[in-house]
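Treat the numbers as computed from the prediction; the structure is a model and nothing was measured. The analysis underlying the following values was restricted to heavy atoms, covering all of them including side chains, and did not include hydrogens, waters or symmetry mates.
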2 protein chains.
Amino acid sequence: MSRFDHYDCSLGCPVEATLELIGGKWKGVVLYHLIDGTMRFNELHRAAGTVTQRVLTKALRELEAAGLVSRTVHPVVPPHVDYALTEKGRTLVPLLLAMRDWGLEHALPAPPSTLNENILA
Amino acid sequence: MSRFDHYDCSLGCPVEATLELIGGKWKGVVLYHLIDGTMRFNELHRAAGTVTQRVLTKALRELEAAGLVSRTVHPVVPPHVDYALTEKGRTLVPLLLAMRDWGLEHALPAPPSTLNENILA
DNA sequence: CCGTATCCTGTTGGATACTG
DNA sequence: CAGTATCCAACAGGATACGG
């Protein structure tokens, strides 16, 4: 009821729909890090940097609800929970890499330290 | 001061940086519609559907500040303002199309009305 | 280790009315 | 036509503390 109620845009909506699933402050980071494989909660927590547990949990639950991430609980002590991309989530990988590449090229100051292809410019 | 202060992620940030520029509820729609060419304020307003002028203006100003969209004022009466993708904005087109395609395939119920390639499944 | 429970703040987006 | 000015509600995100 909060998704595509209104809008009249007949073709632009899919962009919005995609953004709605992977948007938010941490989902992109989480998805990106999961490209490399399964990660535990604390691994993601550290990888993300400064996210709180509450917020990270919420992001993971939403990604799980969207069918992009799987959550596997190993009933041992201490608890062990694995997160991974689902098959659907893996279809996002090209998009995630494209976003990373675009970000590196256009969104970050990112000095081209090793390359000097700016000679062309 | 609200961008990359914290984070320790050494490679996932570009994804976040990209998302931060094109995120929000309407920027994706705006950018997507501008792919086809220059549009006036009211055209975008109608294309987006239910966005208010205040919110659309804010989104356009942010896209302009990010260097993704240009704003051209023709000093006539009644006012005439054109919005278009900048050269930097145009570098986003493949990403926008990829997001649209992914959204069509995975984020929308989108019944394949004309095609029947689901026979394969 | 992997969360949940409270509480709090800032920002996003919206409703409505008005203007050059 | 293309905005601005107010005002407001909702929510995302964060701080901190606690629990199985």
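- In this structure, Leu19(B) and Gly28(A) approach most closely via the heavy-atom pair CD2-CA, 4.1 Å.
- We find that CE of Met39(B) is positioned 15 Å from C1' of dA2(D), with the value rounded to whole Å.
- Counting only heavy atoms from C-beta outward, the side chains of Ile22(B) and Leu31(B) approach each other to under 4.5 Å.
- Shown here for Arg100(B) and Tyr32(B), the closest heavy-atom pair between the two residues is CD-OH, 3.0 Å.
- Between Arg54(B) and dA15(C) there is no side-chain polar atom (N or O) within less than 4.0 angstrom of OP1 or OP2.
- In this structure, CZ of Phe41(B) is placed 6 Å from C1' of dA2(D), rounded to the nearest angstrom.
- Residues satisfying the side chain to side chain contact (heavy atoms under 4.5 Å, CB included) test with Lys27(B), not counting sequence neighbours, are Ala59(B), Glu62(B), Leu63(B).
- Shown here for Leu34(B) and Tyr83(B), the closest heavy-atom pair between the two residues is CD2-O, 3.5 Å.
- Scanning all heavy atoms of the two residues, the minimum distance from Ala107(A) to Leu21(B) falls at CB-CD1, 3.9 Å.
- For DNA chain C, the residues of residues 55-72 of chain A within the heavy-atom distance limit of 4.0 Å (strictly under) are Thr57(A), Arg61(A), Arg71(A), sorted by number.
- In this structure, CG of Leu19(B) is placed 15 Å from P of dA12(D), rounded to the nearest angstrom.
- For Ala17(A) against Leu108(B), the heavy-atom pair with the smallest separation is CB-CD2, 3.9 Å.
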Sequence neighbours excluded and cut-off under 3.5 Å, please list the side-chain donor-acceptor pairs for residues 86-97 of chain B, or say none.
from     : atom 1 : to        : atom 2 : distance (Å)
Thr86(B) : OG1    : Gly67(B)  : O      : 2.5
Thr86(B) : OG1    : Leu68(B)  : O      : 3.2
Thr86(B) : OG1    : Lys88(B)  : N      : 3.4
Thr86(B) : OG1    : Gly89(B)  : N      : 3.0
Lys88(B) : NZ     : His106(A) : O      : 3.3
Lys88(B) : NZ     : Ala66(B)  : O      : 3.3
Arg90(B) : NH2    : Leu85(B)  : O      : 3.2
Thr91(B) : OG1    : Trp102(A) : NE1    : 2.9
Thr91(B) : OG1    : Lys88(B)  : O      : 2.4

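- In this structure, Lys25(B) atom NZ and dT11(C) atom C1' are separated by 14 Å, rounded to whole Å.
- If one axis is set at each end of the helix from dC1(C)-dG20(D) to dG20(C)-dC1(D) from five pairs, those axes are 60° apart, to 10°.
- Contact annotation: Tyr83(B) side-chain N/O to dC1(D) OP1/OP2 distance is not under 4.0 Å.
- Considering only residues two or more places apart in sequence or on other chains, Arg54(B) meets the side chain to side chain donor-acceptor pair (under 3.5 Å) condition with none of them.
- Shown here are the side chain to side chain contact (heavy atoms under 4.5 Å, CB included) partners of Val73(B), two or more places apart in sequence or in another chain: Arg71(B), Val81(B).
- Between the NE2 atom of His74(A) and the C1' atom of dG3(C) there is a distance of 16 Å, rounded to whole Å.
- Using a 4.0 Å heavy-atom cutoff across all strands shown, His80(B) reaches sugar-phosphate atoms only and no base atom.
- Listed by chain and number, the residues in a side chain to side chain contact (heavy atoms under 4.5 Å, CB included) with Arg40(A) are Glu43(A), His80(A), Asp82(A) (sequence neighbours excluded).
- Rounded to an integer number of Å, the gap from NE2 of His45(B) to C1' of dG3(D) is 11 Å.
- If you take CG of Asp82(B) and C1' of dA2(D), they are 12 Å apart, rounded to a whole angstrom.
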With 3.5 Å as the limit, what N/O pairs link the protein to nucleotides 17-20 of chain C?
none

